[in-house]
2 protein chains.
Amino acid sequence: MAKEAAGRARPGRAPAPAGRRARPRQAEVAGLAGVSQATVSLVLSGRDIATGRPISAETRAKVLDAARSLGYVPDPAASRLAAARNNLLGVFSFTATFPTDVRHSYYPFLVGVEQEAAAQGYDLVLFTGSSTGGAGARGAGALNRVRLADGCLFLGRHAPADELSRLVADGFPVVHVGRSDEPEGLAWVGADYVSASREVVAALAGLGHRRVLLVREDDDAPASADRERGFLDGLAASGLPGGPGAVFRSGDPRRELTADRVRAWLAEGVTAFVAEETDTGAAWRALRAAVDGAGLDCPGQVSLALLGSPPADLADGPVPMGFDIPRPALGAEAVRLLAARIAGGPAEGTLVACAFRPGATAGPPATP
Amino acid sequence: MAKEAAGRARPGRAPAPAGRRARPRQAEVAGLAGVSQATVSLVLSGRDIATGRPISAETRAKVLDAARSLGYVPDPAASRLAAARNNLLGVFSFTATFPTDVRHSYYPFLVGVEQEAAAQGYDLVLFTGSSTGGAGARGAGALNRVRLADGCLFLGRHAPADELSRLVADGFPVVHVGRSDEPEGLAWVGADYVSASREVVAALAGLGHRRVLLVREDDDAPASADRERGFLDGLAASGLPGGPGAVFRSGDPRRELTADRVRAWLAEGVTAFVAEETDTGAAWRALRAAVDGAGLDCPGQVSLALLGSPPADLADGPVPMGFDIPRPALGAEAVRLLAARIAGGPAEGTLVACAFRPGATAGPPATP
DNA sequence: CGCATGAGGTAATGCGCATTAACAGCAGTG
DNA sequence: CACTGCTGTTAATGCGCATTACCTCATGCG
């Protein structure tokens, strides 16, 4: 190449967006220290020692002095470009509820996610519109935005399997928070609803209950299926009657959960009710409303349990028997798994145990 | 491997960190579409229309199809390096408290930030370790990480002015949530504590109170200073006695806020107390404890007001007179300002009004 | 017919850093 | 004394994208 220093207009960058200048680069540090840019990079990144690259103490000192005196700070964009990774983890949520509700289920995860991400040296990218179910989450290919990060966490009961499978197939590191078999090869961390639900039934059986009924929503998320399975397992383990008659699906307008219906169940010998928790808390609300409507005393005349934590707006009532989902722990575990996947680890599923909560809504069955 | 092409061994990057499948780049999109990388860049950035570059509709379509089918997404680091922008907004917090506390002050902002960011077409980067005061926040130059984003929001009462001023001086777009004069030229959005506090005092004066006392923490954040100023302004406007005697700084062990002290003030003619809100809620807690300890009825014997919203764990008590900080609105406004700064706008300060809350802790003064 | 004009696109370049082959010096060996 | 093995440093290269100078065709026009 010939005439450069001459008056040739050169392509490439424009003359710098006014105001943004003055940041010293490694090249300038190198000039001041009288070494090459490569040496500066080696010294400043400490890669000289780590990789057995020998750099004399004298050179090190010169470079460090020069860097300090110029106030050098590395440009993260450049570092990340050169290193082919950006230390960014994505967070994307499919929970389509308004922010006020989301606050209660989404944020506890985030607490754990953030702590563990910090521990692993990652920053987080929140894909906007995802937690609010807004425009950002819509449209085919919207999920592709997440490829910007080194890997991504997905939250929510109903993940779009087809969209996800594309990412998984491409080998993009993905971890779903919540058990999921849908896209083959998807890594996930989930709460162990089966064991936890079984434990709740066992506790009720231990109190003397012989007929227990599950109220669940008419919705087929894995989380609901797991609770039902644990519930039925628990009945079987305690020798109690199971089968379809032990499960009531609410949500259907023709099968409303009314006070009358509750009275009818009691007449049939049911002494305890178990509701599943979801992000809306609908099943638990309906159950409580029906029991209150029937004027029943709890736990005097009827025992109640909730397979999860009560929604925040019902927090003032008596603490229900049930279990707590360790959301921060789940978030942290998800980050660990994701970091492992980014490093080339396998796509496995992990269950995290829930904590049993005795509560104050269950007692011995009433003797008629 | 046989010497490819020209047989020259080439330095530069290693052959990609095993397992990490390369994200599609513009070059691959170009290959699939049968055009050059430059064309892809032009089409995908929409720069063709904006700058009057002519690109045929046919070519546009080919490029867009290819990009979609490959799931192309631009590399933020590369965009940033080449063009100095990547549609990412940073969020960094200096509030160094444990997550449980943070939950109540940090998250409401985030709700507004996320909504507005989505509206403006930005995704968010949460710099980890910042809100938890963890490793990520430590060390000089830790703030430099935020340069990855196009601009950054800073939250927290005590921003390190020296670190921030470097960013500001370099022309990096920064907005602080909370009024701040510290680094010259720092843009901020803040709640109008002065007006809101004045309004609370006016309300008390309107009820007939003639001596009102402010309980504040021994801490010199702008937010505290503003409340005090509004309080004193309010006293003056209503012709009530102000001066240092109207303000009590708690926090000092020798000046504890005790029941006895409260009784003494009442004897001196004080009939109402105002406490400032901070992230810990210490002043309000201390005041309530002292009043309760003195066995005083509120609002029968003494009126109370809180310059802010009550901490979540005290939410069950009577709603205090005071004002609510519109945190989501503040967050949204901060994003708008930041977007404007990125676009080259001025570094201004903006005040957002707080909503007066009548509450149930203030009434007419007791007649002795 | 010769040349300007414009449309549609491509080649070349660099952003700031990390990486590595290659080179320069310099002691020890056979 | 050529040769190998070190140690310390540098030149060259590319990461993925944005930018702009420069091509190549048609077409219009005096």
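Within every chain, numbering begins at 1; the chains are lettered A, B, ... in the order of the sequence lines, protein sequences first and strands thereafter.
Within 4.0 Å of B:S41, counting heavy atoms only, lies at least one base atom of the nucleic acid. Backbone-only contact: A:T59 has heavy atoms under 4.0 Å from sugar-phosphate atoms and none from a base. Residue-level contact check: B:V40 touches neither bases nor backbone, having no heavy atom under 4.0 Å from any strand.
The distance from atom CG of B:L148 to atom C1' of C:dC15 is 15 Å, rounded to the nearest whole Å. Atom pair A:R60:CZ and D:dT7:P shows a separation of 16 Å (rounding to whole Å applied). Between the CZ atom of A:R80 and the P atom of D:dC17 there is a distance of 17 Å, rounded to whole Å. Straight-line distance from the OH atom of A:Y72 to the C1' atom of C:dA18: 11 Å, rounded to whole Å. Rounded to whole Å, the distance from CG on A:L70 to P on C:dG16 is 14 Å. A:Q37 has its CD atom 11 Å from the P atom of C:dG16, to the nearest Å. When rounded to the nearest whole Å, the span between CG of A:N86 and P of D:dC17 equals 12 Å. To the nearest angstrom, P of D:dA18 lies 12 Å from CG of A:L81.
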B:D150 and B:R80: CA distance, side-chain angles, deciding distance, salt bridge (Lys or Arg N to Asp or Glu O under 4.0 Å) verdict: CA-CA 8 Å; B:D150 288 342; B:R80 173 124 197 93; 3.3 Å; yes

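Residue B:A83 has its side chain nearest to D:dA18 when only D:dT9, D:dA18, C:dT10 are considered. Nearest nucleotide to the B:R25 side chain, out of C:dT19, C:dA11, D:dC17: D:dC17. Listed candidates were C:dT19, D:dT20, D:dA18. Nearest to the side chain of B:L42 is D:dT20.
Judged by distance alone, the side chain of B:W188 and the main-chain N or O of B:G178 form no donor-acceptor pair under 3.5 Å. Counting only distance, with no hydrogens or angles, the side chain of A:S45 and the backbone of A:S41 share a donor-acceptor pair below 3.5 Å.
Nearest-nucleotide positions on DNA chain D for B:Q26 and A:S56 put A:S56 closer to the 5' end. Closest-nucleotide positions on DNA chain C for B:I55 and A:A77 were compared, and the one nearer the 5' end corresponds to B:I55. Mapping B:D75 and A:G34 onto DNA chain D by nearest heavy atom places A:G34 closer to the 5' end of the strand.
One finds no salt bridge joining B:R147 and A:D75 here, because no Lys/Arg side-chain nitrogen approaches an Asp/Glu carboxylate oxygen to under 4.0 Å.
Between A:S79 and C:dC17 there is no side-chain N or O to OP1 or OP2 distance below 4.0 Å. Checking the phosphate oxygens (OP1, OP2) of C:dG9, no side-chain nitrogen or oxygen of B:S36 falls inside 4.0 Å.
Counting heavy atoms from C-beta outward, A:R68 and A:L70 have side chains that stay 4.5 Å or more apart.
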